[in-house]
Amino acid sequence: MSKNKLYLIVLIACFSGYLYLFLTSNYSEGDQISVCIIKNATGYPCPSCGTTRALQSLFKGDLTGSLLYNPFGIILSVALFILPFWIGFDLATKRKSFYEAYNKIESVLKQKKIAIPLIILVIINWIWNIYKEL
């Protein structure tokens, strides 16, 4: 994937995430919009279910509540905060540090000794989401 295409995809994803958080910020927990295809089709939550509520809790300063909804929310909040600035820095300075980091991380994640434990963590989180009846 080219640098420009990656940067465009990541920026669109980040700003879409911000827009979705803004649009759903006034919903109470019972009124939460479910856009999860897996949950809507099966009635069971996916591994990332609860991430929106986790981000909303985190932005309100409730770290414990955020972790209880979904620990992926912490990772996503860091990404939503850092990535637009990192890409903006690269574009302003005509560097490609994010692109290089992305390619390096992608190659590391393809290694079985890294990928398998991460997949197990996702499965554990999925089981926990089902147990919590998100």
Okay, side chain of E133, backbone of P45: is any donor-acceptor separation there less than 3.5 Å?
no
Quick check on K3: does its NZ atom have over 12 non-hydrogen neighbours (other residues, nucleotides or ligands) under 6.0 Å away?
yes
Could you give all pairs that pass the ring pair (Phe, Tyr, Trp, His ring centres under 6.0 Å) test and reach residues 107-134, with sequence neighbours left out?
none
Approximate separation, where rounding is to 0.5 Å, of I75 CD1 and F72 CZ:
6.5 Å
N/O donor-acceptor pair under 3.5 Å between S66 side chain and D62 backbone:
no
Are side-chain heavy atoms of N125 and P71 found at a separation under 4.5 Å?
yes
Kindly give the cluster partners of L80, where membership spreads through any ILVMFWY side chain lying under 4.5 Å from a current member.
M1, L6, Y7, I9, V10, L11, F15, Y18, L21, L55, F59, L76, V78, F81, I82, L83, F85, W86, I87, L91, F98, Y99, Y102
Look at atom CD of E106 and say whether more than 12 heavy atoms of other residues, nucleotides or ligands are closer to it than 6.0 Å.
yes
Taking atom CG of N70 and atom OG of S57, what is their separation to the nearest 0.5 Å?
11.0 Å
Shared hydrophobic cluster for V108 and L118 (ILVMFWY, side-chain gaps under 4.5 Å)
yes
Min side-chain heavy-atom separation Q111-I114 under 4.5 Å:
yes
Show the nearest heavy-atom pair for residues A79 and C14, with the distance to one decimal.
O-SG, 4.3 Å
Got a second to check how far N129's CG is from C46's SG, nearest 0.5 Å?
7.0 Å
With a 6.0 Å cut-off (strictly less than), is the heavy-atom count around CG of L109, excluding the residue itself, greater than 12?
yes
Output the distance between atom CD1 (I74) and atom CG (L67), rounded to the nearest 0.5 Å.
4.5 Å
Please tell me if the side chains of R95 and F89 come closer than 4.5 Å, counting only heavy atoms from C-beta onward.
yes
So how far is it from K132 NZ to L68 CG, rounded to the nearest 0.5 Å?
7.0 Å
Side chain S48, main chain T51, donor-acceptor under 3.5 Å:
no
Rounded to the nearest 0.5 Å, what separates atom OG1 in T24 from atom CG in L19?
9.5 Å
